[in-house]
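Only one structure is covered here, and it is reproduced in the block below.
In what follows, chains carry the letters A, B, and so on, assigned in the order in which the sequence lines appear, proteins first and then strands, with residues in each chain numbered from 1. Being a predicted model, the structure only gives us computed values, none of them experimental.
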Protein chains: 2
Amino acid sequence: MKDREKIPKATIERLPLYYRCLDKMATFEDVEVVSSKDLGGKLDIPSTQVRKDLSYYGEFGRRGVGYNVNELKRSVGKILGVNRTWPAALVGAGNLGRALVNYGSFEMMGLEITCVFDNDLDKIGNLINEREVKSVQEMSQKVMKNEIKLGIISVPAEAAQAVADQMIEAGIKAIWNFAPTRLYVPEDVSVKNEDLAVGIVSLIYHLSWQEETDV
Amino acid sequence: MKDREKIPKATIERLPLYYRCLDKMATFEDVEVVSSKDLGGKLDIPSTQVRKDLSYYGEFGRRGVGYNVNELKRSVGKILGVNRTWPAALVGAGNLGRALVNYGSFEMMGLEITCVFDNDLDKIGNLINEREVKSVQEMSQKVMKNEIKLGIISVPAEAAQAVADQMIEAGIKAIWNFAPTRLYVPEDVSVKNEDLAVGIVSLIYHLSWQEETDV
DNA sequence: GTCCAGCTGTCATTAATCTGACAGCAGCTA
DNA sequence: TAGCTGCTGTCAGATTAATGACAGCTGGAC
């Protein structure tokens with residue numbers, strides 16, 4: 001394995017796609033071996049890109065043959081860290097928060113939302129997918145006790161920074177932020193913004209341009 | 001305005017951030033003029049990047065002064081196409097679908113989910129944020145009648161391609177895909193994958209690496 | 001008016017990322 | 001065994017994006 005610092009972000013974004021594709025192949029299709037061309041074909045990624053991405057982490061294939069599906073899946077899973085379960089604390093039991101807790105496909109990626117918090121008295125005590133919504137005040141204790149490193153923020157923008165601060169205080173090292181705002185965090189905490197309103201705009205941009213040229 | 005083809009994707013992803021920030025400044029803060037340094041500072045983007053991004057579309061600032069907040073907001077809004085309302089059809093009234101319909105921040109970006117479809121008889125007829133869930137069979141007609149160009153897919157992966165095909169058949173030109181699968185579409189249809197399970201993995205990757213080096 | 005600090009727009013440079021080309025290995029055929 | 005096809009891993013080149021440097025404009029101070 002080479003210097004982990006020098007691996008393109010784009011590569012890391014593609015690895016989960018490979019992983020899920022390999023999982024699907026291992027589970028539903030009866031294939032033992034896959035070539036970079038096959039794998040790339042399913043994901044609309046050039047075969048050279050697939051090989052390059054994998055080569056950052058070692059040599060997983062056999063020349064003249066291809067990659068063993070199960071073996072590669074295990075390897076990629078280990079690279080990504082999804083070969084174990086990562087407990088996560090979610091704050092914000094609104095519509096989006098509930099959807100995330102109920103979302104099915106996280107398990108495969110090692111994510112388990114183990115506790116849910118809110119500060120709305122109407123929501124505290126409710127059950128979401130068998131998890132009781134607790135008061136935000138209980139978060140720190142719970143996070144520390146269970147050594148939770150992963151936090152998910154699905155509160156309104158105004159409240160997000162305060163929640164983040166509290167999470168960091170409690171020892172959380174990675175934040176998945178659904179609030180439409182930038183978070184200020186120390187260097188050793190990583191943040192991934194999943195900003196839905198921003199996501200849609202690139203589509204609107206293309207649509208808008210298309211309509212203009214159509215006329 | 002220069003050749004629209006040559007504008008970096010990354011720039012288009014940043015424009016909505018500028019837009020929302022400008023909106024916030026225009027609404028809540030009492031500033032008339034903003035510099036690229038200020039704007040970038042709020043978003044953690046270098047000022048040179050801000051100026052470069054804007055310069056692809058024209059000259060919006062005044063040398064020695066900066067950008068007029070309201071003017072720039074209007075200009076960026078127009079560039080992005082969010083200066084009008086884009087009706088959208090959503091298919092899949094599960095937890096995520098419901099969360100999207102109820103999501104507040106889309107309005108500002110011009111997105112309005114005007115109709116919701118599902119094929120689950122238990123869901124058809126329900127109200128989500130004042131919109132009645134209709135049968136998927138009614139989608140084509142509704143989309144064609146209202147000339148809807150934007151489709152949102154929040155169904156399980158297995159059903160996504162069929163929904164996409166139906167959308168395209170009905171004239172939809174842009175698809176926001178929340179299903180964890182690749183969609184095959186004609187060239188003139190744009191797809192934006194909002195793959196939540198993939199999004200979380202890059203965080204897990206960093207966490208996993210951090211733990212390794214901590215020891 | 002002149003000077004100065006601060007700002008934009010853009011060209012030149014550097015960095016990041018992707019793509020193409022190919023040596024080298026594997027397995028099959030005869 | 002030799003010959004052929006298909007595949008990987010990697011180097012070199014091309015492409016794309018980010019950064020640095022600076023000319024030119026602006027408004028206020030004096």
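- For the ring-ring contact (aromatic ring centres under 6.0 Å, His included) condition, no pair includes a residue of residues 58-82 of chain A, sequence neighbours left out.
- Atoms CZ (Phe60(A)) and P (dG9(D)) sit 9 Å apart, rounded to a whole Å.
- Among residues two or more places apart in sequence or in another chain, the side chain to side chain donor-acceptor pair (under 3.5 Å) test is passed with Ser35(A) by Asp38(A).
- Here CD1 of Ile12(B) is found 8.5 Å from CG of Leu80(B). Values are rounded to the nearest 0.5 Å.
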Report, one pair per line, the protein and nucleotides 27-30 of chain C atoms (nitrogen or oxygen only) whose separation is under 3.5 Å.
from    : atom 1 : to       : atom 2 : distance (Å)
dG27(C) : OP1    : Arg62(A) : NH2    : 2.7

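- To the nearest angstrom, P of dT8(D) lies 14 Å from CD of Glu71(A).
- Side-chain rings of Phe106(A) and Trp176(A) approach one another, their centers coming within less than 6.0 Å.
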Under 3.5 Å, which donor-acceptor pairs link side chains of residues 24-34 of chain A to any protein atom two or more places apart or in another chain?
from     : atom 1 : to       : atom 2 : distance (Å)
Thr27(A) : OG1    : Asp23(A) : O      : 2.6
Glu29(A) : OE1    : Lys42(A) : NZ     : 3.3

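- Across all their heavy atoms, Val155(A) and Gly92(A) have their closest contact at CG1-CA, 3.6 Å.
- Here the closest non-hydrogen pair linking Ala170(A) and Met144(A) is O-CG, 3.3 Å.
- Between the CG atom of Leu72(B) and the C1' atom of dT8(C) there is a distance of 12 Å, rounded to whole Å.
- At a non-hydrogen distance threshold of 4.0 Å, nothing from residues 22-43 of chain B comes into contact with DNA chain D.
- Here the P atom of nucleotide dC25(C) and the CD atom of Glu59(A) are 11 Å apart, to the nearest Å.
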Just do the side-chain contact (heavy atoms from CB on, under 4.5 Å) check on Met139(A) and Met167(A) with the steps written out, would you?
-> CA-CA 8 Å; Met139(A) 182 180 68; Met167(A) 282 180 167; 3.8 Å; yes
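- Smallest separation of non-hydrogen atoms from Ala174(B) and Leu203(A): CB-CD2, 3.8 Å.
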What string of B, S and - do you get for nucleotides 13-23 of chain D, 5' to 3', if B is base contact, S is sugar-phosphate-only contact and - is no contact with any protein heavy atom under 4.0 Å?
-> ----SSBBB-B
Chi angles and distances behind the salt bridge (Lys or Arg N to Asp or Glu O under 4.0 Å) call for Lys78(B), Glu71(B) | CA-CA 11 Å; Lys78(B) 202 172 164 194; Glu71(B) 216 173 278; over 6 Å; no
Start with the C-alpha gap between Lys173(A) and His206(B), add the side-chain angles, then the distance that decides, and say whether side-chain contact (heavy atoms from CB on, under 4.5 Å) holds.
-> CA-CA 9 Å; Lys173(A) 292 295 178 197; His206(B) 291 297; over 6 Å; no
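- Between Tyr67(B) and dG6(C) there is no side-chain N or O to OP1 or OP2 distance below 4.0 Å.
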